[in-house]
Protein chains: 2
Amino acid sequence: MASRAKATILDIAREAGVSKSTVSLVLQGSGLIRPETAVKVRKAIEDVGYVYNRGAANLRKAHSNVIGMVINDLTNPFFAEMAVGMERVFQSAGIVPFIANTAENPVRQEEVLKSLMEQGVAGLIVSPARGTTPGAFRRLESVGLPVVFAMRRLPESRIPVIAPDNHRGAWLATAHLIRKGHRRLAFFGGSSDLVVYHERLGGFREACEALGIAKRDTIVVEGETSRKGGIACLETALAMTEPPTAALCFNDAVAFGVMLALRKRGLEPGADFAVVGFDDVIEAQHYMPALTSVAVDSAGLGERAAHVMLKMIQSRTTRAEDHIGAVNLVVRDSCGPDRRKGDAA
Amino acid sequence: MASRAKATILDIAREAGVSKSTVSLVLQGSGLIRPETAVKVRKAIEDVGYVYNRGAANLRKAHSNVIGMVINDLTNPFFAEMAVGMERVFQSAGIVPFIANTAENPVRQEEVLKSLMEQGVAGLIVSPARGTTPGAFRRLESVGLPVVFAMRRLPESRIPVIAPDNHRGAWLATAHLIRKGHRRLAFFGGSSDLVVYHERLGGFREACEALGIAKRDTIVVEGETSRKGGIACLETALAMTEPPTAALCFNDAVAFGVMLALRKRGLEPGADFAVVGFDDVIEAQHYMPALTSVAVDSAGLGERAAHVMLKMIQSRTTRAEDHIGAVNLVVRDSCGPDRRKGDAA
DNA sequence: TTGATTTATTGGAACGTTCCATTTATAGCG
DNA sequence: CGCTATAAATGGAACGTTCCAATAAATCAA
């Protein structure tokens with residue numbers, strides 16, 4: 001069955017005894033062709049082992065059916081889940097999403113973006129790599145390609161953003177810690193080249209201020225957004241003269257690191273030191289102790305982003321409204337038992 | 001700068017006052033053009049906001065520079081890491097890998113494969129979805145497209161495979177358990193529609209036989225390859241009249257589930273029941289207790305698979321040798337302290 | 001100076017599809 | 001039967017590249 005050179009619609013046409021135009025029509029499921037002819041053509045398609053050449057088709061057609069998803073870190077389950085959420089909606093829209101990983105590397109991101117454009121994608125959903133320069137997306141904008149940012153945003157950019165309410169999430173978590181009786185609070189992990197960092201830290205700061213924690217009683221330790229980073233943060237915090245008794249972590253990975261480091265020092269997370277995570281990845285509920293975390297519904301946000309993209313493509317616009325997803329503090333065991341009544345200040 | 005319709009090499013040619021052929025040459029970095037001309041052309045390219053149309057180019061060129069990676073479950077960090085390993089080598093080869101997720105769904109896989117082919121990929125690395133029918137890849141083979149399987153294989157297929165030595169890994173882990181003094185062993189999780197399952201179970205069985213564990217003292221419980229599956233496996237095993245005292249789990253997720261379920265019953269993993277995982281995902285070392293697991297170096301296998309693919313493309317063949325990666329049992333705390341001396345049968 | 005050689009540049013055909021404008025076949029109607 | 005209306009199928013141009021063969025310009029040898 002396998003012919004030497006790859007088959008084209010002309011081969012099919014010859015095989016079926018019709019014209020290439022007819023074959024093209026069949027391929028597109030046009031209702032203009034007689035059913036029997038269609039059957040005949042479809043058989044020929046099978047026989048010659050034909051593979052549709054989308055590149056050739058796109059030469060004439062307005063736009064392709066592929067959209068690109070550019071993810072900063074696929075090994076982070078948080079982003080992987082978001083990607084899967086997006087895939088779900090694209091699939092049911094007959095669109096094939098191609099995923100590319102930038103591994104948090106702006107240079108790689110540039111390459112990937114370029115390649116995706118050359119491939120003729122209809123749109124791009126991007127979770128920008130840390131350290132992305134503001135100009136990195138200008139090219140895309142100037143071409144009029146629909147782009148939406150997911151999870152992360154860039155400092156100054158007109159590109160629509162789908163992201164969780166980081167500010168509120170941090171506020172909620174911080175308030176929880178304070179309500180538990182803690183008076184010296186820390187914010188662990190993350191770095192200021194991420195807009196998300198400022199949002200979360202902002203929520204933390206505002207909650208402290210609003211609920212009567214003096215600024216000098218809060219400590220902020222930047223660090224890698226990984227377990228390793230969390231370990232480091234805890235070390236430096238506990239080395240201070242007046243160490244904190246609780247920490248809001250930039251994300252769950254940092255929180256896991258903090259808990260690990262606590263154990264290594266013989267301290268029990270929850271009882272001796274309270275920790276709250278952010279993102280609520282699946283592992284959070286399975287940890288010992290189970291991690292209290294701010295749930296952001298990454299899959300849901302992914303779906304949302306995909307829907308926005310679909311609408312943008314459909315209405316051939318490059319603008320859309322931002323969407324800030326609801327967050328929700330899920331309280332588990334990593335902040336210890338409720339002390340509200342016992343020790344008010 | 002942004003022109004209304006998208007710019008083509010003819011626009012560049014006009015802008016730079018040269019012919020389209022010259023522009024094409026510049027685009028390909030040919031050494032035939034005078035440096036000053038090249039500079040002039042490159043400036044024009046910037047000015048008109050040109051985006052290279054790879055689809056059009058591929059119409060003439062032999063083959064594209066994109067290869068597809070089809071992954072059965074991106075949310076599993078094990079596969080995500082493998083994907084990242086592949087990416088690393090493709091990147092340095094100037095190839096852009098597009099990742100597609102099948103979510104363990106053969107139908108979705110079929111669509112994804114089709115789409116990737118239509119896109120004109122130069123090759124495909126696939127970790128097949130569970131339940132893939134043997135015929136699913138015949139089309140690809142007949143077109144002469146290089147394909148390699150990673151991590152998983154199909155029952156009857158001539159497609160080269162890059163996978164860990166599952167048999168040996170299971171053997172090692174089982175021997176470890178037996179050496180620890182366990183005499184009633186279980187194999188938890190996985191299902192028989194996966195070739196990997198048979199390999200790992202085979203290793204388990206052989207080790208038992210070789211080391212004097214009677215078949216009636218081994219119990220095998222199939223189940224989902226997830227935490228949930230692990231929980232279920234443990235429940236059914238402990239409900240038996242003579243329950244096992246140790247288990248080799250199909251993968252780490254199952255092992256985590258088993259440990260969770262043990263705790264929930266007031267049993268301490270390691271002390272009261274030994275558990276070994278498979279894959280050695282990053283979480284394994286951070287768990288409480290740290291999980292003993294068979295390390296398979298997923299990133300390394302990913303790199304290997306990518307190299308094989310590169311070579312296949314280069315030598316335009318569709319065949320290559322299988323590669324079975326070394327495995328390595330990393331012993332941690334989930335099998336309890338060493339009892340070798342104490343209680344020999 | 002002339003022809004040969006090398007260096008730069010160029011026009012045109014080809015790649016595999018879509019889509020418009022036509023043509024051809026079929027049916028409907030008085 | 002001739003005419004129009006409808007249905008089905010078709011040829012050809014166009015899409016944006018690459019690459020070959022050809023040309024034009026510059027250099028060299030004699």
Side-chain angles (χ1 to χ4, degrees), chain A residues 3-42 44-45 48-66 114-115 117-122 143, chain B residues 3-42 44-45 48-66 114-115 117-122 143:
Chain A
S3 47
R4 202 70 225 108
K6 59 184 63 170
T8 78
I9 52 169
L10 284 109
D11 298 311
I12 300 171
R14 197 177 315 116
E15 181 82 8
V18 298
S19 78
K20 65 179 173 31
S21 303
T22 304
V23 176
S24 176
L25 256 7
V26 172
L27 247 18
Q28 304 171 65
S30 162
L32 286 180
I33 31 73
R34 199 151 41 107
E36 317 149 45
T37 311
V39 167
K40 194 172 54 181
V41 170
R42 264 189 278 270
I45 289 177
V48 301
Y50 171 72
V51 176
Y52 184 75
N53 184 332
R54 208 165 280 277
N58 286 343
L59 224 39
R60 295 243 45 196
K61 280 221 287 242
H63 247 330
S64 72
N65 76 144
V66 358
K114 177 152 166 278
S115 190
M117 290 191 67
E118 293 181 356
Q119 221 58 232
V121 296
V143 184
Chain B
S3 47
R4 202 71 223 105
K6 61 184 61 171
T8 78
I9 52 169
L10 285 111
D11 298 310
I12 300 171
R14 197 177 316 116
E15 181 82 9
V18 297
S19 79
K20 65 178 175 29
S21 303
T22 304
V23 177
S24 177
L25 257 7
V26 172
L27 247 19
Q28 301 171 67
S30 162
L32 287 180
I33 31 74
R34 197 153 42 107
E36 317 149 45
T37 311
V39 168
K40 194 171 56 180
V41 169
R42 263 189 278 271
I45 289 176
V48 302
Y50 172 72
V51 175
Y52 184 75
N53 185 334
R54 208 166 280 277
N58 285 343
L59 223 40
R60 294 242 50 196
K61 281 221 287 242
H63 250 327
S64 72
N65 76 143
V66 357
K114 179 154 166 275
S115 191
M117 290 191 67
E118 293 181 357
Q119 222 59 234
V121 296
V143 185

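Throughout, protein chains are lettered first and strands after them, A, B, ... in sequence-line order, and every chain is numbered starting at 1. Below, all heavy atoms of this structure are taken into account, side chains as well, without hydrogens, waters or symmetry copies.
Side-chain N/O atoms of A/S24 and A/S21 include no donor and acceptor closer than 3.5 Å.
Without hydrogens or angle criteria, A/N58 side chain to A/G55 main chain gives no donor-acceptor distance under 3.5 Å.
Contacts of residues 31-42 of chain A with DNA chain C (heavy atom under 4.0 Å): none.
Shown here for B/E15 and B/A44, the closest heavy-atom pair between the two residues is CG-CB, 3.6 Å. The minimum heavy-atom distance linking A/G120 with A/S64 is given by the pair O-OG, 2.6 Å. Nearest heavy-atom pair across A/L59 and B/A56 is CD1-CB, 3.5 Å. A pairwise comparison of heavy atoms in A/A38 and A/I33 identifies CB-CD1, 3.8 Å as the closest pair.
Within 6.0 Å of the NZ atom in B/K114, the count of heavy atoms belonging to other residues, nucleotides or ligands does not exceed 12.
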Would you mind building the protein contact string for nucleotides 14-19 of chain D? One character per nucleotide, 5' to 3', B for base within reach (heavy atoms under 4.0 Å), S for sugar-phosphate only, - for untouched.
BBBBBB

